[in-house]
Amino acid sequence: MDFLRVLIAILLPPLGVFLQVGFGGAFWLNILLTICGYIPGIVHAVWIIAKR
């Protein structure tokens with residue numbers, strides 16, 4: 001299941017974070033990072049998924 005979440009995080013970073021933590025602070029931070037740049041959003045999403 002983690003492989004699928006990482007794949008989703010690469011394609012749509014906020015969705016990957018949402019599937020892991022829901023509507024928490026990490027989700028909103030990831031949306032902000034994705035808006036600022038796609039790569040920071042991916043890095044944050046993969047980090048959140050790997051952390052849990």
Side-chain angles (χ1 to χ4, degrees):
M1 188 65 170
D2 284 340
F3 175 75
L4 183 62
R5 286 185 183 155
V6 170
L7 184 63
I8 291 170
I10 291 170
L11 298 174
L12 294 169
L15 180 60
V17 173
F18 173 75
L19 292 174
Q20 188 70 29
V21 298
F23 282 114
F27 172 74
W28 296 109
L29 176 61
N30 189 268
I31 287 181
L32 181 66
L33 287 171
T34 304
I35 290 171
C36 290
Y38 188 68
I39 299 298
I42 291 173
V43 171
H44 179 254
V46 171
W47 180 68
I48 290 292
I49 292 169
K51 189 174 92 170
R52 296 187 185 222

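The hydrophobic cluster containing Leu32 does not contain Leu12, counting ILVMFWY residues as joined when their side-chain heavy atoms lie under 4.5 angstrom apart, directly or transitively.
The side chain to side chain contact (heavy atoms under 4.5 Å, CB included) test with Pro14 is passed by exactly one of Ile31, Leu19, Ile35: Ile31.
Separating the CD1 atom in Ile49 from the CD1 atom in Ile8 is a distance of 8.0 Å, to the nearest 0.5 Å.
The side chain to side chain donor-acceptor pair (under 3.5 Å) contacts involving residues 7-29 comprise Arg5-Gln20, where partners must be two or more places apart or lie in separate chains.
By the 4.5 Å side-chain criterion applied to Ile, Leu, Val, Met, Phe, Trp and Tyr, Leu33 is assigned to a cluster that also includes Leu29.
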Return a table of donor-acceptor pairs under 3.5 angstrom between the side chains of residues 38-47 and protein atoms on other chains or two or more places apart.
from, atom 1, to, atom 2, distance (Å)
Tyr38, OH, Ile10, O, 2.5
Tyr38, OH, Leu11, O, 2.8
His44, ND1, Asn30, ND2, 3.0

